Amino acid sequence: MKKRKLGTTDLYVTPVAFGVLTMGGSQMDLPLQEGAELIRYAIDQGINFFDTAIGYQSGTSEQYLGRALRDFARREEVVVATKFLPRTNEEIADGISGQEHIRRMVDKSLQNLGMDYIDLYIYHMWDYQTPLYDILEGLNQVVKAGKVRYLGISNCFAWQLCKANDLARAEGFAPFVSLQGHYNLLFREE
């Protein structure tokens, strides 16, 4: 399958990403073996772009994906995207900063995936309870630490993405290089 450059990054991805939302967790999800066979089939067909999130099945989706990729692919030949969630009310009450939250989320995703780095780390949904500066600073720290290569964003409005990247540019932080949004002619969220 032909690969395309992902925006301004040095990542080359297939035009179709394989999402693993429904792997691992509830009775409605695919069992590990069936999910792994689908991932293997996708790799055999040339797909190299895989998408998950720490919030999918409480991290089990990341674990399934990581295990299957270790079994069927070489790490440098696949592009892995995962997403992180906003701070919880409990974290806020406990004084966990945005930066600490992101560090914890990245470390947990890396553990779930069994990997040393994430190719594309996606801000899953706007965190209205955490200052944007804290989020961007935390993301910049994990990029500088080599745990994340590039940043993406999803489930946001265009003005939020512009605001975030303007602040990232002004502060010298890593910007968002991808947007994962709805493709819908009627609901034009972005």
Side-chain angles (χ1 to χ4, degrees), residues 1-21 39 42-43 46-56 59 61-62 65-66 69 73 75-86 98-99 101-103 105-110 112-113 115-128 130 132-185 187-190:
M1 187 174 296
K2 189 173 182 177
K3 296 177 182 76
R4 300 175 181 167
K5 188 174 181 184
L6 180 65
T8 59
T9 73
D10 63 356
L11 302 174
Y12 283 84
V13 298
T14 49
V16 174
F18 188 100
V20 294
L21 167 66
I39 292 169
I43 291 167
I47 293 175
N48 78 329
F49 193 15
F50 295 88
D51 177 79
T52 187
I54 198 167
Y56 296 168
S61 173
E62 288 180 330
L65 177 62
L69 291 178
R75 176 63 182 101
E76 61 275 6
E77 294 176 353
V78 294
V79 175
V80 175
T82 193
K83 303 170 204 74
F84 69 97
L85 298 168
Q99 296 94 334
H101 169 73
I102 289 168
R103 187 192 62 73
M105 296 294 275
V106 165
D107 289 346
K108 184 62 178 170
S109 286
L110 289 170
N112 286 343
L113 290 162
M115 296 179 179
D116 295 329
Y117 64 92
I118 297 164
D119 296 293
L120 183 63
Y121 197 51
I122 302 171
Y123 185 16
H124 204 164
M125 58 194 66
W126 199 261
D127 184 346
Y128 290 95
T130 304
L132 180 57
Y133 187 94
D134 289 349
I135 292 165
L136 294 178
E137 186 174 29
L139 290 171
N140 194 62
Q141 289 170 3
V142 295
V143 169
K144 281 186 163 186
K147 295 178 179 185
V148 170
R149 293 182 65 197
Y150 297 101
L151 303 173
I153 193 167
S154 67
N155 300 310
C156 72
F157 296 105
W159 68 265
Q160 291 170 319
L161 174 56
C162 290
K163 180 179 178 179
N165 271 350
D166 283 347
L167 181 56
R169 227 179 337 272
E171 295 296 327
F173 292 158
F176 293 110
V177 299
S178 75
L179 171 65
Q180 187 181 69
H182 292 124
Y183 184 72
N184 187 317
L185 295 175
F187 180 67
R188 305 294 287 201
E189 131 182 303
E190 285 79 48

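Only a predicted model underlies this, so the values are computations on that prediction, with no experimental measurement involved.
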Student: Mind checking what makes side-chain contact (heavy atoms from CB on, under 4.5 Å) contact with Ser178, not counting sequence neighbours?
Tutor: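 In terms of side-chain contact (heavy atoms from CB on, under 4.5 Å), with neighbours along the sequence ignored, Ser178 is linked to Leu120.
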
Student: What about the rings of Tyr12 and Phe49, do their centers lie closer together than 6.0 Å?
Tutor: no

Student: Which pairs pass salt bridge (charged side-chain N to carboxylate O under 4.0 Å, His left out) with one or both residues in residues 154-163, sequence neighbours excluded?
Tutor: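 Those involving residues 154-163 do not exist here.
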
Student: Apply salt bridge (Lys or Arg N to Asp or Glu O under 4.0 Å) to residues Asp116 and Arg75 and explain how you reach the verdict.
Tutor: CA-CA 10 Å; Asp116 295 329; Arg75 176 63 182 101; over 6 Å; no

Student: Is any side-chain heavy atom of Asp119 less than 4.5 Å from a side-chain heavy atom of Tyr117?
Tutor: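 In contact.
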
Student: Using the rule given for side-chain hydrogen bond (donor to acceptor under 3.5 Å, both in side chains), can you reason through Glu62 versus Ser109, listing the C-alpha separation, both sets of side-chain angles and the distance that settles it, and then say yes or no?
Tutor: CA-CA 7 Å; Glu62 288 180 330; Ser109 286; 2.7 Å; yes

Student: Listing request: all salt bridge (charged side-chain N to carboxylate O under 4.0 Å, His left out) pairs with a residue in residues 1-10, at least two apart in sequence or in separate chains.
Tutor: Asp10-Arg149

Student: Would you mind telling me which of Asn112, Val20, Val78 makes a side chain to side chain contact (heavy atoms under 4.5 Å, CB included) with Leu65?
Tutor: Val20

Student: Ring centres of Phe84 and Tyr123 under 6.0 Å apart?
Tutor: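 Yes, they do, as the ring centres are separated by less than 6.0 Å.
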
Student: Are Thr52 and Thr82 close enough, and set up right, to give a side-chain hydrogen bond (donor to acceptor under 3.5 Å, both in side chains), and what steps lead you there?
Tutor: CA-CA 5 Å; Thr52 187; Thr82 193; 4.8 Å; no

Student: Determine whether Tyr56 and Asp51 make a side-chain contact, defined as any pair of heavy atoms from C-beta on separated by less than 4.5 Å.
Tutor: yes

Student: So Phe157 and Trp159, would you call those rings parallel, tilted or perpendicular, with 30° and 60° as cut-offs?
Tutor: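 Aromatic pair Phe157/Trp159 classed parallel.
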
Student: For a 4.5 angstrom cut-off between non-hydrogen side-chain atoms, does His101 reach Thr130?
Tutor: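 No, too far: nothing below the 4.5 Å cut-off.
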
